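Just so we're on the same page: letters track the sequence lines, and every chain starts at 1. This is a predicted model, so every value here is computed, not measured. Excluded from the calculations below are hydrogen atoms, water molecules and symmetry mates; all remaining heavy atoms, backbone and side chain alike, are included.
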Amino acid sequence: MQGQSTSSKMKTFNFLIGLLLLITLPEIGIAAHGAANAKGGDLDKCTDINQLPTLDCASAPSSVFSATGRLWAAWSYAGHVYVNYSDDKAETFSKPVSLNAIPEKISAHGENRPKIVLNTNGNIYVSWTTPLKKRFTGNVRFSFSNDMGKSFSTPITVNDNLDLTGHRFEALSVAKNGNIYLAWLDKRDRFKAKKEGRDYHGAALYYTWSDDGGESFHPNKKIIDHSCECCRVIIDMDSNDLPVILWRNIYGKNTRDHALVSFDSASQPGKPVRVSYDNWQVDACPHHGPDLSISNTGDYHMAWFNNADKRHGLFYMRMGENTKRTTPVNFGNYKAAASHPGVLSNNNQVWLTWKEFNGKEETLWSQYSANNGETWNKAKVVAKTTQGSDYPFLITDNKSIYIQWKTAQEGFRLIVIDEASKQMVQ
Amino acid sequence: MKTLILLISLLGCYAANATGKPSLFKSDSYKQLIEEKKQAFLMLMWSLDCPPCIKELSTLGLLQKQYPDLNMVLISTDSPARSDEINKLLSRFDLQTIDNWVFSTEPIQRLRYSIDPQWYGELPRSYFHNKQKTERRAVTGILNSDHILSWLKQSNEAIPVILTKALNDQ
């Protein structure tokens, strides 16, 4: 592994640079609230110069199962993006491999974190945002491994505009045919408008793709102007092996509802359609992005949060590639701050997750539908914590459904959803 | 006399921030704030990572210059590790001497809940408190000067002397 072959001198140098960056540029380590710290007693592991950090040092990890059931995780600590794996459902992890020899700032918080996806051959693709000198600026970074995570390519910047402005909140996906797609919130047009003395509201949604395994990317293309600026963007692949992107958009002066775009081909995005009509009119940062899961039957399952006076809370909605959209339904307890929804679908089965807070403890919830989201089983609490937590993420190894939940107290864990394990249709 | 009290309380605020660091906002801080405030006040939640917040701080900075006795509390939802950045930014808008706080390292959910269980973390988020503490109004999104002045007009009992004059002049 690359991490193992690194000379100790280099390791020390990197560590010192990392430590310096950590002190001077807090965005790298994001000692943010709650989930930022390692598990009790493990903090030494994160700062010990002779040890590589562990997943518990990271504030905002991502994970995904390979086709063979190996769990891969991407995360960051002290200026490095790391990847490691677990063959025992997150009980133990391999030694992490650093993707960037030169430390850099890495966005690692709820809405924006390193992402990891695998293609059908097990090649690994990782992306992240590196914040630049000025506030709200950043570049989208990418690295890949074609040798099962033993080594990674030197990271490249994916955005082909290098203005000191925002290219952040990227979403990453890989198609069955090997194409790699990245979409992100881009402020190059806003930057230009400001220079010319014009107003520009929000950011824009841009994307690019690679058809050579991540060696190179096509020129960036704009999908839409005036997206919301600081909510995560989500991509999933449809039944035509093309991406579908969901994001929070700005309609009219300040209505922040969700929009979706599907593609006619890799190079041709379709016309964006408005998904939610909650009419949340707000000149603010919700920091609360949506989720999307496309089933193998071609249905788009969506979950989002809005906080308009009349229509607020968490919503679920289904839209088919060829069928009418369903009426959005509320889920979770608005009065208990139900937030950060995740959705996952398989055939006609759909799972939702979210978290709530009762003043003392945070609860992790799941809810299951066996009939494509038409009706839902009773929601249930699947985990609790008291010292702060990361967002929950639904992932699957095609046998069971898990929720990735990193909590300050318990660290990184996978919580199996029993209901799903018993009933999952193969 | 009112002006004197105001002056003293302003000096008090200044002293609290003389160290150049925002005060640590803990899960019992809001309760204390409510108890301590004798005037109507505007509490603004903001973050270094929120572009519209910066716009709003700029408005508040200008308003503060115009009405130096405006009773404001600024609470950054960033981590205390970013206190220097917070101070630097507030200084840019001449807001460093007003009552300003930063979220402590307690779980962010708990801190938000201590203020408002129905607040999901959207920023900027403002809370107007009237003098009697009988009314609190929450607003998400950028406030403009008119918002602030008109609210103060409604809570007329709470309007400081200089502001009353300014409102009458309008």
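- The minimum heavy-atom distance linking A:His287 with B:Cys50 is given by the pair CE1-CB, 4.1 Å.
- Taking OG from A:Ser107 and CG from B:Asp49, the interatomic distance works out to 8.5 Å, rounded to the nearest 0.5 Å.
- By a heavy-atom distance cut of under 4.5 Å, A:Lys355, A:Phe357, A:Asn358, A:Gly359, A:Glu362 are the residues of residues 353-363 of chain A near chain B, going up by number.
- Among the candidates A:Cys230, A:Pro286, A:Ala337, the residue making the largest number of heavy-atom pairs closer than 4.5 Å to chain B is A:Ala337.
- Shortest non-hydrogen contact noted between B:Tyr120 and A:Asn307 is CD1-ND2, 3.7 Å.
- Side-chain contact between B:Cys53 and A:Cys285 is absent, with no heavy atoms from C-beta onward closer than 4.5 Å.
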Side chain to side chain contact (heavy atoms under 4.5 Å, CB included) between A:Ser339 and B:Gln109: does it pass, once the steps are laid out? CA-CA 11 Å; A:Ser339 60; B:Gln109 282 272 22; 4.1 Å; yes
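- Pairing each heavy atom of B:Arg110 with each of A:Thr386, the nearest pair is NH2-O, 2.8 Å.
- Both the backbone and the side chain of B:Leu48 come within contact range of chain A, judged by heavy atoms closer than 4.5 Å.
- Judged by distance alone, the side chain of A:Arg135 and the main-chain N or O of B:Pro51 form no donor-acceptor pair under 3.5 Å.
- Here the closest non-hydrogen pair linking A:Asp283 and B:Lys55 is OD2-NZ, 4.4 Å.
- Annotation: B:Lys65, atom NZ; neighbour count of heavy atoms from other residues, nucleotides and ligands within 6.0 Å is above 12.
- Considering all non-hydrogen atoms of both residues, B:Thr140 and A:Ala284 come closest at CG2-CB, 3.8 Å.
- Counted within 6.0 Å of CG on A:Asp199, heavy atoms from surrounding residues, nucleotides or ligands total 12 or fewer; the atom is thus considered open.
- Atoms CD and NE2, on B:Glu122 and A:His288 in that order, are 8.5 Å from each other to the nearest 0.5 Å.
- For a residue to count as touching a neighbouring chain, one of its non-hydrogen atoms must lie under 4.5 Å from one of that chain's; by this rule A:Phe305 touches chain B with the side chain only.
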